[in-house]
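The block underneath contains the structure these notes are about, expressed in C-alpha cells.
Each chain gets a letter, A, B and so on, in the order the sequences are listed, and its residues count up from 1.
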Amino acid sequence: MLDRNTIPQSATFRTRGLTKVYGEGAAAVHALRGVDLEIPEGEIVVLLGPSGSGKSTLLNIVGGLDRASDGEAWFQDQNLSEMSDRELTLYRRDHVGFVFQFYNLMPSLTAYENVELVTEIADNPMEVERALELVGLGERMNHFPAQMSGGEQQRVAIARAIAKNPTVLFCDEPTGALDSATGRAVLHVINDVNRELGATVMVVTHAAATAQMAHRVIHFADGQIRTVTENDTRLSPDEIAW
Amino acid sequence: MRALDRKLLRDLWRIKGQAAAIAMVVAVGVLLQVMMSGMITSLEQTRATYYERYRLADVFAPVTRAPQKMLDRLADIPGVAAVEGRVQGGALVDMAGQDLPVRAQVLSLPEWRDPWLNDVYISEGQRPRAGRTDEILLLRAFADAHGLGLGDVLSATMYGSKRAFRIVGIAQSPEFLFTTAPGEFVPDDARFAVLWLNADALEAAYDMKGAFNEALLSLERGAELEPVLTAVDALLDRYGGLGAYGLEDQLSNRFLSEEIKGLTATSSAVPPIFMGVAAFLLYIVVSRMVSAEREQIGLIKAFGYTDTEVALHYFKLVVFIALAGALMGCLGGVWAGRGLAGLYQDIYHLPFLVFRVEPSSFATGIFISVLAAMVGGLSVLRQVFALTPAVAMRPPAPADYSRSGAITASLKSWLDQPSRMVLRRVMRNPGRVFGAVLGIAAGMGLSSAQMSVMSGFDEALDTTFSVIDRSDVTVTFFEQMPLKAAFDLAHMPGVIEVEPTRGVSAVLRYGTETYRGSVTGMVDGAHLSRAVDADHRDIPMPASGIVLAKSLADTLGVQAGDTVTVEVLQGRRPTLELRVARIADTLMGAPAYMNIDALNRAMGEPGRISGAFLRIDPDAYRAFFKEIKDVPSVAGVTRKNDARLAMKKLMDEGAGTMRYVMALIAGIITFGIVYNSARISFGEQSRDLASLRVMGFSQGEAAFILLGELALVVLIALPLGVLLGFGLSYLVAAGFSTDLYQIPTGFRADAFGIAGVAVVLAALISGWLVKREIEKVDLVATLKTRE
Ligand SMILES: Nc1ncnc2c1ncn2[C@@H]1O[C@H](COP(=O)(O)OP(=O)(O)OP(=O)(O)O)[C@@H](O)[C@H]1O
Ligand SMILES: [Mg+2]
C-alpha cells in the first residue's frame with residue numbers, strides 16, 4: 001500500500017475546451033469534443049476508454065506531437081497551442097518521453113541504438129544499458145527490431161522513453177503485448193520514474209486493473225471526459241490483479 | 001558514431017542496389033560533361049602548343065611568282081615578326097595498284113637551316129640531305145594510309161615531268177592536320193599527299209629559281225591581322241598575289257577549328273541535356289526515396305530532433321549518393337577522356353595530346369548533382385515537416401478508394417482481381433505514378449533524340465551523295481578549260497553523261513562576316529550535281545544572283561533577297577555584288593552556286609569550265625580511269641563513293657564519334673531510371689506485397705500486382721517519351737551540326753522505335769531483377785516491423 005502523495009500546488013497539464021476534428025464536412029471525425037483537464041505535477045494518471053474514444057489523440061496533443069483544432073493545452077505555464085513548431089520540438093526534446101501505441105522502432109537500428117537515438121539529444125539521460133536492463137532487455141541490446149518479439153519491441157520503446165529521464169512520460173498502451181510478469185516489471189519501471197524522478201505520467205490502457213496504481217483515473221468516452229476519480233489508496237504494481 | 005549516422009549507413013546498405021543505379025545515372029551525366037569539356041580544353045591547348053612549337057605562320061600569302069627580295073619588304077611591314085618564302089605546287093602521285101593517281105601538294109624546305117616558319121615534326125627518319133634532289137619527307141597520315149615507309153620509292157608528276165623520289169623521313173605538320181584535295185570538301189588522308197623537297201630541287205621543278213610562290217608571315221604579339229593582310233596584298237599585287245589570308249582561313253586549321261567548334265557546340269548543348277535529365281531523375285528518385293521514410297521522419301521528430309537535424313540526416317544520404325555518382329563520373333570522365341585522347345590524337349594527326357580537365361568542369365558536375373539531390377530531398381522534407389509528428393508517424397491515411405471504385409467497378413467484368421488492384425493503386429496515387437512516368441519518359445526522350453541524331457547522320461550522307469549528287473565521278477582540271485574539254489570527256493570509255501561545272505575560289509562578305517570558300521557555276525538544268533530545297537526539288541539557277549547553302553547563309557547572316565559581296569580570287573579577280581536568290585538546303589559543306597554563264601561573264605572568261613560531273617557505266621570504270629590518267633589537263637578524279645566513305649569516316653571519327661558515346665550513355669540513363677522506378681515501387685509496397693502473400697496470393701500474382709504498375713507506367717511513358725524525344729532531337733541535332741555538315745531533324749520512326757524497344761527491354765530486365773527480390777522477401781520480418 002502506498003500513501004497518497006500530497007497534491008502539488010501547480011498543475012503540470014491543464015486543458016480548456018480542447019477539441020480535435022479530423023477531416024472536413026461530412027467525413028469529419030470529432031476525436032475530442034471539448035476536454036477540460038487538470039493534471040497535478042508528479043501524478044500518475046491513467047486514461048481508460050473504449051477504442052476510438054480519443055485517448056491517443058489527447059496524448060498526442062499534450063505530448064506536443066499534434067495540434068488541437070480548438071481550445072487550449074498548457075504545460076506548466078506554457079501554452080502548447082501557441083507554441084511554434086520549433087518551441088514544440090524543444091518541449092519534446094527537453095521534457096517528453098513517449099511510448100507509442102505501435103512501438104515505432106527504427107528498423108535499421110538495434111535496441112541499443114534505438115535508445116541511443118534519444119539519449120544523444122537529451123540533457124541528463126541515463127545509461128542506455130541501464131534503461132534496457134530496467135525493462136529486462138540487457139541481453140538483447142544488439143538485436144534489431146525484426147529479431148525481437150512484439151513484447152520485446154514494446155519494452156525497447158519503453159526503455160527509449162524513460163532513458164532520457166523525462167519530466168513527463170506518456171505511455172500509450174505500454175503493456176498491451178506483455179504477459180503478467182513482464183507487464184508488472186514495466187509498470188514498476190513507470191512507477192519508479194514517477195517516484196524517483198517526480199515525472200508526471202499519463203498512461204493509456206485497456207487493462208482497467210492498471211488504474212489501481214494511479215493517483216487519478218480518467219474515464220474517457222466519445223471524445224469527452226466522463227469521470228475523473230482520485231484513488232485514495234494506490235496499489236503497487238505487484239498487487240495488481242492481472 | 002551517432003545513432004542517426006549508423007541508421008544512415010544501414011539504410012544505405014539496404015538500398016544499395018538502388019543507390020548504385022542512381023549514382024550510375026549521375027555518374028554518366030557527369031562523365032560526359034567532364035570528358036567532353038576535357039577533350040575540348042585538351043585539343044585547344046594541344047593545338048596552341050603544337051602551332052607554337054612548330055612556328056605555324058599567322059599569315060599565308062600565295063602569289064604567282066615573286067622574287068626573293070620581296071621577303072625583306074614583307075618583313076618590314078609593321079607588326080610582322082618573321083617571314084619565310086617557299087615554293088609550293090601541285091603534283092600527282094602514282095600509287096602502285098591504284099586506278100587513280102593521287103593528288104599531292106609539294107612544299108620546299110630550306111636546305112641549310114630549319115624553316116623559320118611552318119616547321120615539321122619528323123616522326124621517323126630525317127630531312128632530305130642538302131643537295132639531294134630525289135629525297136622527300138612524306139606526310140605521316142598519307143604514309144600510314146598507304147603503308148609507306150622509309151626507303152620506299154614514290155613516283156610523282158610535277159609540272160608535267162614524272163620523277164621517282166625516295167622517302168627519307170615521315171613528317172607531321174601543324175599545317176596539315178587535315179588534308180583536303182582541291183575542289184573537295186571532305187578531308188581524306190588516303191587521297192591527298194603532302195611532300196617536302198629541298199628548296200633547290202623544287203625551285204628547279206617549278207621554275208622558281210630565286211623566287212617564291214608563297215610567303216608565310218608570323219605576327220608580333222598583339223599585332224592586328226587586317227592591316228598586315230592589306231599591306232601584304234599591296235606588296236605582292238604586281239607579282240600575281242592571290243590574296244593573303246590569316247591562319248583562321250587556312251584549310252587544315254579551319255577544319256580543326258570546325259571540329260573543335262563542333263565538339264564545343266555538342267558539349268555545350270548535349271551534356272547539359274544529359275545532366276539535366278540525370279538531375280531530374282535524381283530529383284524524382286530522391287523525393288520518392290524520402291517519401292518512403294515519412295513515418296521515420298515523423299518518429300525522429302517526435303523525439304525532439306529539430307527540422308534542421310532531420311534534414312541534415314537525409315541530406316547526408318542523398319548527397320552521399322549524388323556525390324559518389326559525381327565522383328565516379330569525374331574519374332570516369334578522366335578515364336574515358338584519356339582513352340579518347342589517343343583516338344583523337346590519331347584522328348587529328350597530332351604528335352602528342354595531353355588530356356587535361358579544367359577543375360571548373362568537375363565542380364560543375366558535382367555542383368549540379370548535389371543540388372538536384374538536395375532539391376529532391378528538400379521538396380519532400382518540406383511536405384513532411386508541414387505535418388505534425390503525430391500525423392507523419394502514422395501510415396498515410398487508408399486510401400480513399402471511393403473515387404476509383406466507380407471506374408474499376410465498370411471494368412470488373414473483364415479485369416481480374418489483381419489487375420483491378422493494379423489499376424486502383426495507380427489511381428490512388430497519381431502523383432507517384434506521374435513522377436515515374438516523367439522519369440522514364442525523360443530517359444526515353446534522351447535515347448530517342450540520340451537515336452534520331454544517329455539516323456540523321458546517315459540521312460545527311462544519303463541526301464548528299466544520292467539525292468543531291470547523282471554523279472559517279474568528278475573530274476577537276478588544273479586550270480580552267482574551254483567547254484570543249486567536257487565534250488572530250490564524253491567520248492571517253494563508259495561515259496554516259498557529262499555535266500560541266502566551274503568553281504572559283506572566292507571570299508564572300510556580308511556586313512562584318514566573311515567566308516573564304518568558293519563559288520560553283522552550274523549549267524542550266526544541272527541534274528547530276530544540284531542545288532535543292534528542303535523537299536529535294538531542284539533550285540533552278542537564276543540568270544543573275546547567287547544561291548547559298550543554308551549553313552553558309554547562316555554563317556554570313558544573310559537571307560534571300562540580301563546582297564552579298566563576292567571577291568573572286570582567281571583570274572582578273574572581280575568583286576561582285578550578288579543578290580541572294582534562294583537558300584539551298586544543303587546538308588554538307590557550305591557551297592555557293594551561280595549560273596555558270598553568269599559566273600563566266602563576271603570573270604570575263606566566257607565558255608570556261610574547271611571540271612565536270614560524270615555518270616559512268618559501272619563496268620567501264622577501269623577503262624575510264626586508265627584513259628583519264630593520261631589526260632594532262634586533269635588534276636584529279638574523285639569517285640563519289642570514295643568521297644562518301646571519307647565523309648562517313650570523318651563523321652565516325654571526328655566530333656561525330658560522340659554520338660555513339662552519347663547513345664550508350666542515354667541507354668544507361670534510361671535503364672537506370674526504369675530500374676529505379678521498379679525498385680522504388682517495390683520498396684514502397686514490400687509490406688503490402690508481404691500481406692498479399694500471407695493472404696494466399698501466389699508469388700506470381702504478387703509480382704504481377706507490383707510489375708503491373710511498372711508496365712502501366714512504361715505504357716504511359718512511351719508516347720510521352722516520343723514527344724520529349726522529338727523536342728530534344730532538335731536541340732541535340734543543333735548541337736551536332738557544324739559548318740561541314742548539318743544534321744537534319746524530323747520525326748524518325750526508326751529512332752523512336754528503337755528507343756521504345758530499349759525502354760521496354762529495360763523494363764523487362766528491371767522487372768525480372770525485382771521479381772527475384774520479391775522471391776527473396778522474408779514475409780515475417782517484413783510484417784513485423786513498420787517501415
Ligand atoms: N489522422 C486521423 N484522421 C482521421 N481520423 C482519425 C485520425 N486519427 C484518429 N482518428 C479518429 O479519431 C478518433 C480517435 O482516435 P484515437 O486514436 O485517439 O482513439 P483511441 O482512443 O486511441 O483508440 P484505441 O484505443 O483504439 O487506440 C477515432 O475515431 C479515429 O478514427
Ligand atoms: Mg489509441
Side-chain angles (χ1 to χ4, degrees), chain A residues 20 22-23 27 29 56-57 59-61 63-68 85-86 88-98 100-110 112-123 128 144-150 152-153 157 160-161 163-164 166 170 172, chain B residues 1-16 292-311 313 317 382 384-395 397-398 400 402 683 686-687 690 777-787:
Chain A
K20 179 73 181 180
Y22 292 108
V29 177
S56 297
T57 305
L59 231 57
N60 284 343
I61 294 174
L65 295 180
D66 210 346
R67 286 179 181 279
D85 281 348
R86 222 191 143 67
L88 275 181
T89 300
L90 283 178
Y91 161 59
R92 294 195 299 268
R93 185 179 191 132
D94 296 340
H95 301 286
V96 177
F98 219 113
F100 303 103
Q101 189 170 2
F102 303 101
Y103 330 147
N104 293 76
L105 300 182
M106 290 277 167
S108 53
L109 294 181
T110 61
Y112 184 95
E113 290 158 355
N114 261 290
V115 178
E116 199 185 20
L117 192 59
V118 171
T119 57
E120 267 169 357
I121 53 166
D123 279 341
V128 175
F144 286 95
Q147 300 167 314
M148 286 185 277
S149 75
E152 283 161 347
Q153 292 185 47
R160 186 174 63 184
K164 71 194 289 186
F170 298 96
D172 202 342
Chain B
M1 199 192 309
R2 309 214 359 162
L4 266 186
D5 291 331
R6 232 163 304 162
K7 165 176 165 357
L8 186 97
L9 288 184
R10 296 218 183 94
D11 286 348
L12 212 56
W13 181 247
R14 182 170 51 88
I15 58 165
K16 56 190 177 298
E293 292 269 309
R294 178 182 132 156
E295 291 165 45
Q296 299 205 25
I297 296 171
L299 181 61
I300 301 173
K301 282 199 62 186
F303 296 148
Y305 280 88
T306 62
D307 288 357
T308 322
E309 285 166 327
V310 177
H313 171 68
L317 181 75
R382 279 178 51 132
V384 179
F385 289 162
L387 306 174
T388 62
V391 177
M393 269 167 67
R394 50 169 61 227
D400 177 9
S402 52
S686 60
R687 207 180 147 78
V777 162
D778 180 346
L779 292 184
V780 179
T782 311
L783 290 175
K784 212 152 121 188
T785 57
R786 302 167 50 85
E787 277 198 42

For B:Leu299 and A:Phe100 the tightest heavy-atom approach is CD1-CE1, 3.5 Å

Any donor-acceptor pair under 3.5 Å from A:Glu113 side chain to B:Arg6 backbone: no

Please round to the nearest 0.5 Å and tell me the distance separating atom CG of A:Asn104 and atom CD1 of B:Ile300. 11.5 Å

Quick check for you: to the nearest 0.5 Å, what is the distance between A:Asp85 atom CG and B:Lys301 atom NZ? 5.5 Å

Evaluate B:Arg2 against A:Ile121 for side-chain contact (heavy atoms from CB on, under 4.5 Å), listing each step before the verdict. CA-CA 10 Å; B:Arg2 309 214 359 162; A:Ile121 53 166; 4.1 Å; yes

Mind listing the closest non-hydrogen atom pair of A:Ser108 and B:Lys7 along with its distance? OG-CG, 3.6 Å

Distance from B:Phe303 atom CZ to A:Lys164 atom NZ, nearest 0.5 Å? 9.0 Å

Between B:Gly304, B:Gly298, B:Ala302, who has the most heavy-atom pairs with chain A when the cutoff is under 4.5 Å? B:Gly304

Which region of A:Phe144, side chain (C-beta onward) or backbone (N, CA, C, O), has a non-hydrogen atom less than 4.5 Å from a non-hydrogen atom of chain B, or is it both or neither? side chain

Decide side-chain contact (heavy atoms from CB on, under 4.5 Å) for B:Thr306 and A:Arg93; before the verdict, give the C-alpha distance in whole Å, the side-chain angles of both, and the deciding distance to 0.1 Å. CA-CA 9 Å; B:Thr306 62; A:Arg93 185 179 191 132; 3.5 Å; yes

Counting only heavy atoms closer than 4.5 Å, note whether A:Asp66 contacts chain B via side chain, backbone, both or neither. both

Report the option among A:Glu116, A:Arg86, A:Met106 that has the most heavy-atom pairs separated by less than 4.5 Å from atoms of chain B. A:Met106

Distance-minimising heavy-atom pair for A:Glu120 and B:Ala3: OE2-N, 3.0 Å

So, the side chain of A:Arg67 versus the backbone of B:Thr388: is there a donor-acceptor pair under 3.5 Å, distance only? no

